[in-house]
Asks: 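Structure provided below as structure tokens; questions to follow.
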2 protein chains.
Amino acid sequence: MTRPIGKTIRVVIVDDHPMLREGTRVCLERAPGIAVVGVTGIGREAIHLVAEHRPDVLLLDLRLPDISGVEVARQVRAAYADTAIVVLTGYGDAGYLRALRPLGIRGYLAKTATDAEIVDAVRRAAAGCTMVTSQSEGEILTEPLTPREREILRRLVAGQRNAEIAAALLISAKTVEYHVSNIFTKLGARSRAEAIRIAHEQGILLLEDAGRNQE
Amino acid sequence: MTRPIGKTIRVVIVDDHPMLREGTRVCLERAPGIAVVGVTGIGREAIHLVAEHRPDVLLLDLRLPDISGVEVARQVRAAYADTAIVVLTGYGDAGYLRALRPLGIRGYLAKTATDAEIVDAVRRAAAGCTMVTSQSEGEILTEPLTPREREILRRLVAGQRNAEIAAALLISAKTVEYHVSNIFTKLGARSRAEAIRIAHEQGILLLEDAGRNQE
DNA sequence: CCGTGACCCAGGGTTTTCCCCAGGACCCTA
DNA sequence: TAGGGTCCTGGGGAAAACCCTGGGTCACGG
């Protein structure tokens, strides 16, 4: 898993901001022993680039125009385990991290990172080091939500009432109350507003449900 | 107000992402007739840079570590009206635009913009053109919230109950109900959950209150 | 076969929110 | 001095949310 010293670290950069891509590219290419072999802002193209170049490190933004960076990480992790993944996190992405932990990400990097920090993170990732903050950003959700609960939580966050949710799902309002109550228990919330806040903080709604947002 | 043709366009770049700053800088310096005279990621330093260099164009990010980009824009607009301001907007910044319109911003630019778009935007801004999308990003909030209402909305979004808000602000619960009701009317919401959603969408809570987040 | 978990429904209770109504104090500007 | 805006306070009532209890079906695996 660890790379021999002296070999050039090959990096693929994935971010949907051209300017940030460019800045990161010149920054990394100025560093000795690091070469940027691919750059893109599109998720599917990122997977192709990894398949083609088999880079040592994948610098990956989570917000991409086509598919989620989480999805890219999952596929790369499954098919090309030799590539170390370093996630570039923006402002509101703290919730994503929870979902990424089981995927074996090699490091997290804030987008506000400086030249030195990025070069350092890339070098460490290539060397096999795992930089996980893990203990930060609050506690982990003990009990996971069921699909039905996520469905209802999503509508709750959207501002729907119990009665509206019941009508949309063709179930009774009492059943909605039941699920909402369970959601509160699992999230540790005491009101809808609190549940909404926690859902945002933990990023519960941002995950794998991207494919069925069609109403 | 318009600049004579042939003169070099002098630009100051303000963004808290070093990589994006660097990318934008090299991009602009590659373009003929454009020179970057200052670069920073800090709001107060941005104002100093403008005062010192009197640039033709200020490329301004809205999220800065110290003071809001909105505040920077306001001060620059007031003291150095010759400097055209082009705002760099990220993902969730749609709400900011509402607050910026009365300030006479010369242009809005998505952070996902390409080299050509940025160079073009800078040239147009320096030439006196105003590029306002204005009609996009949904409806504009007709009535702005009062400071008291924003304060209460912030707590509402944080998940506090009316009684808790009342206790925190040392006012009666009935008064909180009154403000909450007014907030609903102004936002077009029918419940707290809806108000929270709208507040997030419009970015109402992200504005100038950065300086008093201390509880 | 029986336990477990997810899902569904219901009654009955308290609490909170929501939506009208009303009035008074303060500051700023015209 | 008179208005207008903001902030504060209050009552009463309907609606929604919240919290507990109790049922039931279905699919899964020991």
Side-chain angles (χ1 to χ4, degrees), chain A residues 140-200 204-205 207-209 212 215, chain B residues 98-99 102 140-200 204-205 207-209 211-212 215:
Chain A
I140 308 303
L141 197 61
T142 54
E143 293 179 89
L145 298 183
T146 68
R148 197 55 158 181
E149 285 162 354
R150 279 202 304 274
E151 169 72 42
I152 287 179
L153 177 59
R154 187 166 23 250
R155 292 176 180 276
L156 193 153
V157 168
Q160 291 189 358
R161 302 176 182 285
N162 287 346
E164 291 171 342
I165 297 173
L169 299 183
L170 302 174
I171 57 178
S172 104
K174 274 295 184 184
T175 303
V176 176
E177 279 187 44
Y178 168 80
H179 287 300
V180 168
S181 179
N182 287 341
I183 291 170
F184 286 2
T185 302
K186 290 184 178 178
L187 260 53
R190 277 163 48 257
S191 69
R192 331 198 119 210
E194 230 176 352
I196 292 171
R197 177 179 60 75
I198 294 170
H200 276 133
I204 295 169
L205 300 174
L207 305 180
E208 72 229 71
D209 308 290
R212 52 151 147 148
E215 170 76 345
Chain B
R98 199 177 51 79
I140 308 304
L141 197 62
T142 54
E143 296 177 88
L145 298 183
T146 67
R148 195 57 158 181
E149 286 162 353
R150 279 201 303 273
E151 169 72 42
I152 287 178
L153 178 58
R154 190 168 18 253
R155 292 176 180 275
L156 193 154
V157 168
Q160 292 189 358
R161 302 178 183 284
N162 287 344
E164 291 171 343
I165 297 173
L169 299 183
L170 301 176
I171 59 179
S172 102
K174 273 295 183 184
T175 303
V176 176
E177 281 187 44
Y178 167 80
H179 287 300
V180 168
S181 179
N182 287 342
I183 291 169
F184 286 1
T185 302
K186 290 184 178 178
L187 261 52
R190 279 162 45 257
S191 69
R192 325 197 124 211
E194 231 177 352
I196 292 171
R197 179 179 58 76
I198 295 170
H200 277 133
I204 294 169
L205 300 174
L207 304 180
E208 72 227 72
D209 307 290
R212 51 149 148 149
E215 169 74 345

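Chain identifiers are assigned alphabetically (A, B, ...) following the order of the sequence lines, protein sequences preceding nucleic acid strands; residue numbering begins at 1 within each chain. What you see is a predicted model, and the numbers here were worked out from it, not measured in a lab.
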Asks: Quickly work out the A:Ile183 CD1 to C:dA6 P distance and round it to whole Å.
Replies: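 In whole Å, C:dA6 P lies 13 Å from A:Ile183 CD1.
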Asks: Are A:Glu151 and A:Arg148 ion-paired here, with the side-chain N under 4.0 Å from a carboxylate O?
Replies: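 Salt bridge absent between A:Glu151 and A:Arg148.
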Asks: Measuring from A:Lys186:NZ to A:Leu153:CG, what's the distance to the nearest 0.5 Å?
Replies: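 That separation rounds to 11.0 Å.
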Asks: Give the rounded distance in Å between these two atoms: CZ of B:Arg190 and C1' of C:dC20.
Replies: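 Computing the B:Arg190:CZ to C:dC20:C1' distance gives 17 Å.
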Asks: Just the dot-bracket of DNA chain D, please: which string comes out with Watson-Crick or G-U pairs under 3.5 Å, [ ] for crossing, | for another strand?
Replies: |||||||||||||||||.||||||||||.|
Asks: Which value, rounded to the nearest 0.5 Å, describes the distance between A:Arg190 atom CZ and A:Ile198 atom CD1?
Replies: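 Going from the CZ atom of A:Arg190 to the CD1 atom of A:Ile198 covers 10.0 Å.
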Asks: Taking all non-hydrogen atoms of both residues, which atom of B:Ser191 and which atom of A:Arg161 are closest, and how far apart?
Replies: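 Looking at all heavy atoms of both residues, the shortest contact is CB-NH1, 4.2 Å.
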Asks: With rounding to the nearest 0.5 Å, note down the distance linking OG1 in B:Thr146 to CD1 in B:Ile183.
Replies: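 One finds 7.5 Å between OG1 of B:Thr146 and CD1 of B:Ile183.
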Asks: What distance do B:Glu194 atom CD and A:Arg192 atom CZ have between them, rounded to the nearest 0.5 Å?
Replies: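 With rounding to 0.5 Å, CD (B:Glu194) is 11.5 Å from CZ (A:Arg192).
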Asks: Between A:Arg161 and A:Leu170, just flag the one whose closest nucleotide in DNA chain C comes earlier from the 5' side.
Replies: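 Between the two, 5'-proximity favours A:Leu170.
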Asks: Rounded to whole Å, how long is the line connecting atom CG of B:Leu187 with atom P of C:dC19?
Replies: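 Taking atom P of C:dC19 as the reference, CG of B:Leu187 is at 13 Å.
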Asks: If only side-chain N and O atoms of B:Asn162 are considered, is one of them under 4.0 Å from the OP1 or OP2 phosphate oxygen of C:dT17?
Replies: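 So the side-chain polar atoms of B:Asn162 do come within 4.0 Å of the phosphate oxygens OP1 or OP2 of C:dT17, strictly under.
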Asks: Just the rounded figure in Å: distance from P of C:dC18 to CD of A:Glu164.
Replies: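 For the pair A:Glu164 CD and C:dC18 P, the rounded distance is 13 Å.
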Asks: Apply the test side-chain contact (heavy atoms from CB on, under 4.5 Å) to residues B:Ile196 and A:Arg197: give CA-CA distance (whole Å), side-chain angles for both, the deciding distance (0.1 Å), then the verdict.
Replies: CA-CA 9 Å; B:Ile196 292 171; A:Arg197 177 179 60 75; over 6 Å; no
Asks: Mind calculating the distance between CD (B:Glu194) and P (C:dT17) to the nearest angstrom?
Replies: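 From B:Glu194 CD to C:dT17 P: 16 Å.
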Asks: On DNA chain D, compare the nucleotides closest to A:Ala189 and B:Ile171; which residue's is nearer the 5' end?
Replies: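 Here B:Ile171 is the residue nearer the 5' end.
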Asks: Report the distance from atom CD1 of A:Ile165 to atom P of C:dC7, rounded to the nearest whole Å.
Replies: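 Distance, rounded to whole Å: 15 Å.
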Asks: In whole Å, what separates the C1' atom of D:dG24 from that of C:dG13?
Replies: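 The answer is 23 Å between these two C1' atoms.
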Asks: Rounded to the nearest 0.5 Å, how far apart are CG of A:Asn182 and CD1 of A:Ile152?
Replies: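 One finds 9.5 Å between CG of A:Asn182 and CD1 of A:Ile152.
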Asks: For DNA chain D, which nucleotides open and close the run of contacts to chain A, 5' to 3', at under 4.0 angstrom from a non-hydrogen atom?
Replies: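 Range of nucleotides within reach of chain A: D:dA16 to D:dC19.
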Asks: Is a side-chain N or O of B:Arg155 found less than 3.5 angstrom from the main chain of B:Gln160, in a donor-acceptor match?
Replies: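 Checked: no pair found.
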Asks: Without decimals, in angstroms, what is the distance between A:Arg192 CZ and C:dT17 C1'?
Replies: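 After rounding, the reported distance stands at 11 Å.
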Asks: Would you kindly compare B:Ser172 and A:Leu156 by the position of their nearest DNA chain D nucleotide and give the one closer to the 5′ end?
Replies: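 Its nucleotide being nearer the 5' end, the pick is B:Ser172.
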Asks: Any side-chain N or O of A:Arg148 less than 4.0 Å from the OP1 or OP2 oxygen of C:dC8?
Replies: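 Affirmative; the distance criterion is met.
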Asks: Answer yes or no: is there a donor N or O on one side and an acceptor on the other, between the side chain of A:Glu149 and the main chain of A:Leu145, under 3.5 Å?
Replies: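 It does not hold such a pair.
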Asks: Using a cut-off of strictly less than 4.0 Å between a heavy atom of the residue and any atom of DNA chain D, enumerate the qualifying residues of residues 173-181 of chain B by number.
Replies: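 Under 4.0 Å from DNA chain D: B:Lys174, B:Thr175, B:Tyr178, B:His179.
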Asks: How far apart are the closest heavy atoms of B:Ala193 and A:Gly159, and which atoms are they?
Replies: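 For B:Ala193 versus A:Gly159, the nearest heavy atoms are CB-CA, 3.7 Å.
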Asks: Quick one, B:His179 and B:Leu156 - any side-chain contact, counting heavy atoms below 4.5 Å?
Replies: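 Not touching, per the 4.5 Å side-chain cut-off.
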